[in-house]
Number of protein chains: 2
Amino acid sequence: MDRESIDRVRRFNRTVGERIGVLHDHFLGTDRPVGEARLLWEIGEEGRDVRRLRDRLGLDSGYVSRLLRSLERDGLVTVEPQTHDRRVRTVRLTAAGRKERAVLDRRSDELAELILTSLNEKQRTRLTAAMEEVDRLLTAGTVSVEQLDPGHPDSAACLRAYFAELGERFEGGFDAALSAVPDAGVLGPPHGVFVVARLHGEPVGCGGIHLDGDEPPYIKRMWVAKSARGLGLGRRLLAELEGYAVRSGARTVRLETNSALREAMALYRSAGYEEVPAFNDEHYAHHWFEKRLDDGAATA
Amino acid sequence: MDRESIDRVRRFNRTVGERIGVLHDHFLGTDRPVGEARLLWEIGEEGRDVRRLRDRLGLDSGYVSRLLRSLERDGLVTVEPQTHDRRVRTVRLTAAGRKERAVLDRRSDELAELILTSLNEKQRTRLTAAMEEVDRLLTAGTVSVEQLDPGHPDSAACLRAYFAELGERFEGGFDAALSAVPDAGVLGPPHGVFVVARLHGEPVGCGGIHLDGDEPPYIKRMWVAKSARGLGLGRRLLAELEGYAVRSGARTVRLETNSALREAMALYRSAGYEEVPAFNDEHYAHHWFEKRLDDGAATA
DNA sequence: TCCATTCTCTGACTTTAGTCAGAGAATGGA
DNA sequence: TCCATTCTCTGACTAAAGTCAGAGAATGGA
């Protein structure tokens with residue numbers, strides 16, 4: 001890692017820490033301890049399970065429990081067992097809680113305004129653009145990609161979301177039964193892998209590859225959640241799958257797609273895929289692609 | 001302030017707070033409480049007065065004192081009265097203190113590396129560029145500009161630095177005695193104003209304007225410290241002075257400059273100044289400029 | 001010389017933040 | 001039905017962070 005980049009990041013950390021970090025705590029934590037305020041915020045309008053709160057904030061279970069008791073005493077939240085599993089308890093904001101949270105929301109706005117206010121129009125535009133870029137790239141850095149069984153709940157969640165999206169985007173909807181590959185069996189081991197990307201613990205993308213004897217391996221079910229687009233995640237998943245193909249000794253890799261999925265096609269093209277004649281009769285496919293792997297471009 | 005910009009900033013605050021703020025404390029405060037670590041860091045290689053430490057970190061005097069006692073007990077710092085004023089005390093790092101501070105330094109590097117490490121080359125370049133931009137603009141927002149007497153210590157510091165820089169940049173050096181305007185008298189009230197820009201309390205830029213009866217007002221001694229360039233500060237100082245000229249009823253404003261000062265000339269041109277024939281016999285001037293103020297462009 | 005002011009320090013506090021061990025209810029499978 | 005496991009909670013802690021009211025030494029004018 002070069003010295004210059006490191007110094008750049010350090011200077012950034014310092015400026016931002018001073019200008020935002022300090023202000024942040026002073027702003028948000030005026031009438032309520034930061035711990036409680038963070039919790040109140042994290043509960044959200046919809047309510048949340050206690051264990052999810054714990055995970056998200058990375059706090060000890062006893063500590064969270066105590067914080068919740070305190071918020072409950074002030075009449076800001078109610079805590080009730082879930083109906084399905086009465087061990088798990090769900091926290092919900094009361095009307096008073098919502099009000100408090102709205103105050104935090106307002107404060108957060110004020111902090112943002114404070115930062116923008118001393119700049120002119122042009123500088124503001126540049127600042128927000130740069131912030132977006134930093135935001136995107138920092139977020140991209142926290143996305144983890146993991147091999148998972150296609151039957152794992154997170155895999156299933158991705159596939160459900162994927163199919164739902166296809167249903168919306170394809171003219172005439174989408175019916176998984178008409179599509180060629182039955183996922184669970186074929187994309188998992190031993191004849192392939194399925195990878196899932198997670199952001200803050202939430203599954204936000206997936207993709208699978210199937211290897212079958214002498215046939216070139218075959219990529220399917222590539223998907224990235226709307227909330228995680230623009231992070232280069234598609235490219236990363238693709239690279240992951242291609243890497244697997246390379247390690248398995250494959251020389252080419254194939255995939256097919258529907259013309260409604262424009263971003264996907266753009267991604268494949270820019271990743272080195274070239275359109276080829278149909279190599280199967282997938283019901284929803286309009287375009288078939290192939291990529292040669294033996295030129296070391298799998299990591300691109 | 002538009003909703004979109006505010007949301008952008010809020011999202012940024014959130015991401016950065018999670019990714020940097022949290023990591024920062026976990027990193028730096030492992031074997032020593034954060035308070036002590038921050039203090040140790042802020043003392044710096046040169047040493048610092050206790051009251052400056054307090055101001056900079058915004059802490060209670062009793063608290064700082066206690067922290068210092070603790071660092072002293074561990075043999076990391078020494079605290080001694082200043083020679084001039086024995087009420088104020090100066091903190092200095094011992095050899096052991098320096099060592100401990102170097103550890104913090106190293107940690108700060110590691111944190112930066114951690115952020116960069118999950119990105120590829122291209123993303124890294126983009127991230128550091130965007131960080132620089134955010135850094136610059138956030139810093140620009142904290143620069144304050146104030147009218148000051150040209151004799152004020154901060155004004156004097158700026159002028160000294162300005163002359164020193166001219167001495168370096170002009171062929172044959174610079175001698176204030178050969179230059180037209182004797183600053184102190186003419187740029188201050190009642191016949192003009194002198195403005196000084198400060199960043200974190202340090203003077204980092206200045207400029208003065210002189211009004212003399214029916215003659216167009218005349219801008220001189222525009223300077224921005226090297227450390228504060230790229231913040232749009234020159235433009236801001238210029239606008240400040242032009243504003244003053246407008247309020248005084250002036251229709252045009254004049255200035256002259258030396259051809260060694262390329263950035264200054266570029267600034268004047270882009271701010272609407274046009275080159276005119278010499279209107280005085282300033283010894284160091286090569287170019288003379290004038291700007292009409294009656295088109296409302298003074299704030300540009 | 002006196003007196004208000006400045007600066008740092010100490011003692012006596014409070015509040016936050018967080019850890020750890022274990023209790024008790026609910027659940028899921030053997 | 002039994003038993004291991006999961007989830008949340010309580011009690012009993014500790015350490016860090018910070019506040020407040022003075023005390024005592026220096027200092028700078030009047």
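So you know, we letter chains A, B, ... as the sequences are listed, proteins then strands, and number each from 1.
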Exercise for the section: Identify whether any heavy atom of B:D60 sits under 4.0 Å from a base atom; if not, whether one sits that close to sugar-phosphate; answer base, sugar-phosphate or nothing. Expected result: base
Problem - Presence of A:R51 side-chain N/O under 4.0 Å of D:dT8 phosphate oxygens OP1/OP2 - result: no
Exercise for the section: State whether the distance check finds a donor on one side and an acceptor on the other, under 3.5 Å, for side chain B:S61 versus base C:dC9. Expected result: yes
Handout entry: Nearest non-hydrogen partners of B:A37 and B:L104, listed with the distance
Key = O-CD1, 3.6 Å
Fill in the blank from the handout: Pairing partner of D:dT1, by Watson-Crick or G-U wobble and under 3.5 Å for both distances, is C:dA30
Completion exercise
When B:G62 and A:R38 are each assigned the nearest nucleotide of DNA chain C, the 5'-most assignment goes to B:G62
Exercise for the section: Inspect the contact between B:D105 and A:R10 and indicate whether a charged nitrogen and a carboxylate oxygen are less than 4.0 angstrom apart. Expected result: yes
Handout entry: side-chain hydrogen bond (donor to acceptor under 3.5 Å, both in side chains) between A:T78 and A:R92, intermediate numbers included
Key = CA-CA 5 Å; A:T78 57; A:R92 255 178 263 279; 5.5 Å; no
Exercise for the section: Considering just the side-chain nitrogens and oxygens of A:R89, establish if one lies under 4.0 Å of OP1 or OP2 belonging to D:dC9. Expected result: yes
Exercise for the section: Whole angstrom is fine here: how far is it from CD in A:Q82 over to C1' in C:dA26? Expected result: 12 Å
Fill in the blank from the handout: Taken to the nearest whole Å, CD/B:E72 to C1'/C:dC9 is 11 Å
Problem - Nucleotide nearest A:R87 when distance is taken to its side chain, options C:dT27, C:dT19, D:dC9 - result: C:dT27
Completion exercise
Any strand, both distances under 3.5 Å, Watson-Crick or G-U wobble: D:dA12 pairs with C:dT19
Practice task
Would you indicate, yes or no, if D:dT8 has its OP1 or OP2 atom less than 4.0 angstrom from a side-chain nitrogen or oxygen of A:R54?
Solution key: yes
Exercise for the section: Return the nearest nucleotide to the side chain of A:R66; candidates are D:dC9, D:dT10, D:dT27. Expected result: D:dT10
Exercise for the section: Could you work out which one of C:dG18, D:dT10, C:dT27 sits closest to the side chain of A:R86? Expected result: C:dT27
Completion exercise
Here the distance between atom C1' of C:dA12 and atom CZ of B:R69, to the nearest Å, is 18 Å
Practice task
Using atom CG of A:L68 as one end and atom P of D:dC7 as the other, report the distance to the nearest whole Å.
Solution key: 16 Å
Practice task
Figure out the CG/P separation between A:L39 and C:dG18, and round it to whole Å.
Solution key: 12 Å
Practice task
Classify the side-chain pair A:R54/A:S61 by whether it contains a donor and acceptor separated by less than 3.5 Å.
Solution key: no
Exercise for the section: For A:G58 and for B:R52, find the nucleotide of DNA chain C with the closest heavy atom, then tell me which residue's nucleotide is more 5'. Expected result: B:R52
Practice task
Could you check how far CG of B:L67 sits from P of D:dA15, rounded to whole Å?
Solution key: 16 Å
Practice task
Please determine if B:D74 and B:R32 form a salt bridge, counting it only when a charged side-chain N lies under 4.0 Å from a carboxylate O.
Solution key: yes
Practice task
Can you tell me the distance, in whole Å, between the CG atom of A:L59 and the P atom of D:dC9?
Solution key: 14 Å
Handout entry: Nucleotide paired to C:dG24 in any strand shown, Watson-Crick or G-U, under 3.5 Å
Key = D:dC7
Exercise for the section: Inspect the contact between B:D109 and A:R3 and indicate whether a charged nitrogen and a carboxylate oxygen are less than 4.0 angstrom apart. Expected result: yes
Problem - Rounded distance (Å) that lies between atom C1' of D:dA16 and atom CG of B:L57 - result: 16 Å
